[in-house]
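Sequential numbering from 1 along the given sequence is applied to the chain's residues. We use all heavy atoms of the structure for the numbers below, so side chains are in, but hydrogens, waters and symmetry mates are not.
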Amino acid sequence: MTLVGGGPGAVDLLTLRAWRALQSADVVVADRLGPVEILAELPPHVRVIDVGKEPGRHPVPQERINELLVEHALAGSHVVRLKGGDPFVLGRGGEEVVACVTAGVPVEVVPGITSAVAVPGLAGIPLTHRGVTTGFHVVSGHCAPGVSDPQVTGVTRTSDTSGPLDAAALSCVRDGAATLVVLMGVRSLGAIVAQSLAAGADPATPVAIVENGSTPEQRVTRARLEEAADVAAARGVRSPAVVVIGRVAAEGLLEGSRERRLAGAGV
């Protein structure tokens with residue numbers, strides 16, 4: 001079995017090694033996100049199994065995905081598991097490797113370009129910048145308390161001061177110690193904001209939310225931390241999106257001098 005990270009979505013961000021693995025596949029087990037357009041370019045004999053998940057809807061449970069990988073590999077097929085981003089960055093790729101290795105199936109891992117870094121970069125947001133910050137911290141916002149209905153898409157606001165952020169993540173927001181990147185954090189944005197403010201974060205901390213990174217539908221929403229959930233809700237922000245919290249998310253950071261910014265120059 002070959003575990004392939006497909007990158008954030010654009011086909012031309014798929015690595016050459018990943019493309020070669022897909023061309024030699026007999027069976028491709030594919031997610032909803034990532035470079036799904038590449039599936040139409042596979043050789044005609046390749047069987048594609050769609051196991052894509054949506055927020056609040058997992059038609060193929062992870063346990064069944066693991067079983068599919070093992071079943072087809074043990075039947076003699078070259079199985080490629082195509083995942084968005086990098087399979088080991090909040091992608092549950094480790095669980096799939098363990099399932100295969102336990103069943104005696106050898107695994108090759110092809111790393112992918114993680115959305116945590118690529119999507120902000122494509123939007124002109126550097127996760128580190130000299131004189132601003134020298135590090136970043138990546139967390140999942142997927143299981144935030146205060147999200148009342150897992151079937152509801154879009155931004156959920158909450159007054160609950162608990163949330164998904166660990167102590168290191170809170171330190172990033174509160175102290176500006178590093179940039180905080182949140183994957184799968186759209187529905188929990190309200191909880192993240194409430195938790196951060198309760199921990200003493202500056203309400204004016206810049207926040208940028210990048211939807212559909214690397215695709216023609218890419219869109220950036222910016223706001224102060226205290227207003228981020230309301231602004232996102234008003235704009236109809238939806239997943240997939242990457243949330244960036246910290247000084248690097250400030251608008252115009254890479255646009256040079258004030259005079260150039262006023263002239264309308266962009267990244």
Side-chain angles (χ1 to χ4, degrees), residues 2-25 27-44 46 48-55 65 79-93 96 108-129 136 138-142 153 179 181-186 207-222 232 235-245 248-249 251 253-255 266-267:
T2 305
L3 179 65
V4 170
V11 171
D12 56 359
L13 290 177
L14 192 72
T15 67
L16 181 58
R17 184 176 297 185
W19 182 85
R20 287 172 175 165
L22 287 165
Q23 293 301 306
S24 66
V27 176
V28 174
V29 180
D31 279 347
R32 176 178 67 96
L33 302 178
V36 292
E37 293 179 2
I38 197 68
L39 299 176
E41 301 179 19
L42 297 179
V46 179
V48 176
I49 302 175
D50 181 5
V51 296
K53 302 174 183 178
E54 299 180 14
I65 294 174
V79 179
V80 170
R81 174 67 169 113
L82 179 62
K83 303 177 74 70
D86 182 274
F88 287 166
V89 179
L90 301 176
R92 304 190 72 170
E96 296 170 359
E108 177 187 2
V109 177
V110 179
I113 300 174
T114 173
S115 300
V117 174
V119 168
L122 289 165
I125 302 170
L127 298 187
T128 66
H129 189 63
F136 61 91
V138 181
V139 297
S140 169
H142 192 57
T153 58
T179 302
V181 182
V182 185
L183 303 183
M184 300 172 288
V186 171
V207 176
I209 309 166
V210 188
E211 300 170 80
N212 299 304
S214 84
T215 75
E217 290 75 38
Q218 179 173 302
R219 181 176 70 154
V220 182
T221 296
R222 298 181 191 267
R235 294 202 73 196
V237 170
R238 301 173 71 87
S239 63
V242 176
V243 180
V244 182
I245 306 174
V248 297
E251 190 167 9
L253 179 67
L254 300 185
E255 293 182 4
V267 177

Sort and list the pairs that fulfil side chain to side chain donor-acceptor pair (under 3.5 Å) and have at least one residue in residues 8-24, not counting sequence neighbours. S24-H78
Nearest 0.5 angstrom please: D50 CG to L82 CG, how far? 11.0 Å
According to side-chain contact (heavy atoms from CB on, under 4.5 Å), who are the partners of I113, at least two apart in sequence or on a separate chain? P8, L13, A118
My understanding is that only one of V242, V119, V89 makes a side chain to side chain contact (heavy atoms under 4.5 Å, CB included) with T114; could you say which? V89
Residues 210-219 vs salt bridge (charged side-chain N to carboxylate O under 4.0 Å, His left out), sequence neighbours excluded, gives E211-R219
Could you tell me whether a side-chain N or O of T179 sits under 3.5 Å from a main-chain N or O of L127, the two making a donor and an acceptor? yes
Output all residues satisfying side-chain contact (heavy atoms from CB on, under 4.5 Å) with P240, sequence neighbours left out; order by chain, then residue number. L33, N212
Would you say the side chain of D31 lies within less than 4.5 Å of the side chain of R81, judging by non-hydrogen atoms? yes
V11: partners by side-chain contact (heavy atoms from CB on, under 4.5 Å), with sequence neighbours left out: P35, E37, I38
Between K83 (side chain only) and G93 (backbone N and O only), is there a donor and an acceptor less than 3.5 Å apart? no
Counterpart residues, side-chain contact (heavy atoms from CB on, under 4.5 Å), relative to P126 (two or more places apart): H129, L253, L254
Quick one, F88 and V109 - any side-chain contact, counting heavy atoms below 4.5 Å? yes
